[in-house]
Amino acid sequence: MPISVGAPRLLLRRLREVMAERESAQARLDKVVVLIASNMVAEVCSLYLRRRDSSLELFATEGLNPEAVHNTHLKAGEGLVGLIAEHGEPMQFADAQVHPAFSYRPETGEEVYHSFLGVPILRGGHTIGVLTVQNRTQRHYSDEEVEALQTTAMVIAEMIASGGLVVSEEGGQEARREQSARFTGVTISEGVALGHVVLHEPRIVVTKLIAEDVELERRRLAQAIDELTGMIDGMLERGDLQRAGEHREVLEAFRMFAHDRGWRSRLDEALLTGLTAEAAVQRVRNDTRARMLRQIDPYARERLHDIDDLSNRLLRVLAGGAGTAAAGNLPQDTILIARTMGPAELLDYDRQRLRGLVLEEGGSASHVAIVARALGIAAISQAKGVLDAVEPGDAAIVDAEGGELHVRPTPEVVSAYADKVRFRARRQAQYAALRNVPAVTLDGARVSLNINAGLVFDLPHLDQSGADGIGLFRTELQFMIASTFPRLEQQTRIYKAILDAAGERPVTFRSLDVGGDKVLPYFRVNKEENPALGWRAIRMALDRPALFRTQVRALLRAAHGRELRIMLPMIGDVAELTAARTLIDREVTILKRHARPEPKKLLVGAMIEVPALLYQLDRVLPLADFASVGSNDLMQFLFATDRGNMLVADRFDALNPAALLALRVIVEAAARHNVPLNLCGEMAGKPLEAMALIGLGFRSISMAPASVGPVKAMVLSLDATDLWVRLQELLACTSTSVREELKSYAAEKGVQI
Ligand code: PEP
Ligand code: MG
């Protein structure tokens, strides 16, 4: 006889009463199984829980032999119970005993029961136990009955998690959560940080599981879903994605699921069994997580990840706020963990409390990576599965030298890292001592070391690092964190603040380099097949001169009475340089016409990052006041290797002889035309690569502020002429990289790298 619709609610209410009783955990468990059996009109109800060794132990039963409790153990995958645990899904059998997986245990006396229904007890997507009912007769359990048993299993899982039901070692996931874990990722900002986990998107702990008024819970859930879908639709319509750190595809998926009938009807069913709105969301989320963890197809897994995220957001809306952890109380040593995040969101955190950042997604060229580097926090990305394995408050170590995260580290690991941190601090102190020492090689070559910047909070780095100037100011970063196009006055104010902070030191402003992977939330562009090769940088500036001219005007105004250096990104040929120059000259003429104060000196430079330019250097360089190699882009185009694609990131090395030869060609051309040359890609900030650059003849390079110290230490210990002799031999070799040879050179000659 199937159960009636009201029965599950009654069952949940009775379970709550049992929970409130002052009895031993075992006595309560015993009552729980009796309640379930009678509510579901079953002769048997048994509860198995997972032990540390992964076996499933019978913890309580109504109907089977009581002697079997704590004596019957099933190994992982053994019997029908083991099968359910393994699959993490409900299963039913009209005649269980004929199933090949049936494992007969004489001590239980279960031979007289034929039909069998079992559901996993899930926590965080992992099976921590199995709940079963059995009947003598061969029968089919209805969908409602399966649903009701699943809901009961979820309530039991939450009771176990809160320590209210069983006090022992069980709970596979709980046990795993106490163990140390190590994750590997990709370094996006160097450093080592020890601290405690904060989840960027806080998880809501559902404490009230059982509804007092089902109708009320239904209304609450409907309202929360409306609010959530409104938020998602709004974000998609406004295109306000980067600011909120969202990927469009993820939001599109959210929208799809939020409107998905399947998801909604699963929530409704869970509500009908008598759960609160929060518990219903949690129920559906548990099932999703269980499926996600078993899913092998990466695409399907990703989609399940989206539903999981969506459920978490819905829980936050129900809790009255969808905000991030930035607004909460942060520990002094926050290790922030997120699936993905936008640069503006990272900037919302109190820098003083941030030590490290770990992302499950995103590459080292992503915008949040640029901000993490600017903030100087240790950060890694691509740390898959981290969110599943951490709890807020867990101790953690981000090793962004080795690209690792250690969660709940053992004392040995902590002490090894404490040593490493002390070592780094000593090294930093040595670098700080070099702050006012000019970077001159052993053979007397003065090398100008500059910083790359892009945000106002980068400015103190100029003094702290002892750099000679700002070799690359990425103006687009300011545009990327804004929610609307910065107006002329706003831009002027920012550029002026930067020039004021730099004082006598030169600042090279790069004109807007948007497009490709740098998206402005408020600026719609058509989807492109190959955005890196698409409508970006100078191409956009020349097609939309109004944007470019406004920026140039702001720069001219900000620089009155001072030197102004404007650098043009992605110049591909002579015509682009002359066209941009004409636009700049026109702004200067307007300035003169209005008798506004002018810059003392205006220098216009070209970035060398499009390989075609290598064959036009003799025509382009005479038209430029200076040039700067954008090695990030130049290398990605030279080697046809997407700089943001982790799959191909290791396929080429900037210390490949072909790359070095290309750089040498540029050095020689700049010398021929007497044009000042700089290099501002990431390779300038790595001591070994920087050593090669100086060997090739570069005398000005620009890097992240934290790299100035290590690179200066290298310069001070290098004989550039001697290295050039060695490099000439290496340039002729056929290997993919001369990295090892250069390392040996440095070791042999005592160059600090
Ligand atoms: C480069 O391409 O090397 C460069 C400095 O510019 P960006 O990284 O901003 O493209
Ligand atoms: Mg570039």
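Excluded from the calculations below are hydrogen atoms, water molecules and symmetry mates; all remaining heavy atoms, backbone and side chain alike, are included. Atoms within a ligand are numbered from 1 in the order they appear, just like the ligands themselves.
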Looking only at heavy atoms, is any part of R510 under 4.0 Å from ligand 1, and if so is it the side chain, the backbone, or both, or is it neither?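 It is the side chain that gets close, since no backbone atom is under 4.0 Å.
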Using a heavy-atom cut-off of under 4.0 Å, does the side chain or the backbone of L472 touch ligand 1, or both, or neither?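 The answer is the side chain of L472.
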Does a salt bridge link [X] with [Y], judged by any charged N lying under 4.0 Å from a carboxylate O?
{"X": "R581", "Y": "D625", "answer": "yes"}
{"X": "E489", "Y": "R493", "answer": "no"}
{"X": "E563", "Y": "K600", "answer": "no"}

Restricting to N, O or S atoms of D633, which is nearest to the Mg ion (ligand 2)?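 Of the nitrogen, oxygen and sulfur atoms in D633, the Mg ion (ligand 2) lies nearest to OD2.
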Looking at E609, pick out the N, O or S atom nearest to the Mg ion (ligand 2) and give its name.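 In E609, the heteroatom (N, O or S) nearest the Mg ion (ligand 2) is OE1.
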Under 3.5 Å, is there a donor on one side chain and an acceptor on the other for [X] and [Y]?
{"X": "S702", "Y": "N678", "value": "no"}
{"X": "S448", "Y": "N450", "value": "yes"}
{"X": "Y615", "Y": "D573", "value": "no"}

How far is atom 8 (O) of ligand 1 from its nearest protein heavy atom, and which residue and atom name does that atom have?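 Sorting protein heavy atoms by distance from atom 8 (O) of ligand 1 puts R643 NH2, 2.7 Å first.
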Between ligand 1 and R474, is the shortest N or O to N or O distance under 3.5 Å?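 By distance alone, the answer is yes.
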Look at the rings of Y349 and H200 and say which category their plane angle falls in: under 30° parallel, 30 to 60° tilted, over 60° perpendicular.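 Because their plane-to-plane angle lies in the 30° to 60° range, the rings of Y349 and H200 count as tilted.
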Atoms of ligand 1, numbered as shown, that sit under 4.0 Å from any heavy atom of [X]:
{"X": "C680", "result": "5 (C)"}
{"X": "G630", "result": "1 (C), 2 (O), 3 (O)"}
{"X": "G681", "result": "3 (O)"}
{"X": "E609", "result": "1 (C), 2 (O)"}

Flag this pair as yes if the NZ/CZ of R565 is under 6.0 angstrom from the six-membered ring centre of F626 and inside a 45 degree cone about the axis; otherwise no.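 Ring-cation test returns yes.
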Look at atom 4 (C) of ligand 1 and find which of V629, I608, N632 reaches it with the closest heavy atom.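 It is N632 that holds the nearest heavy atom.
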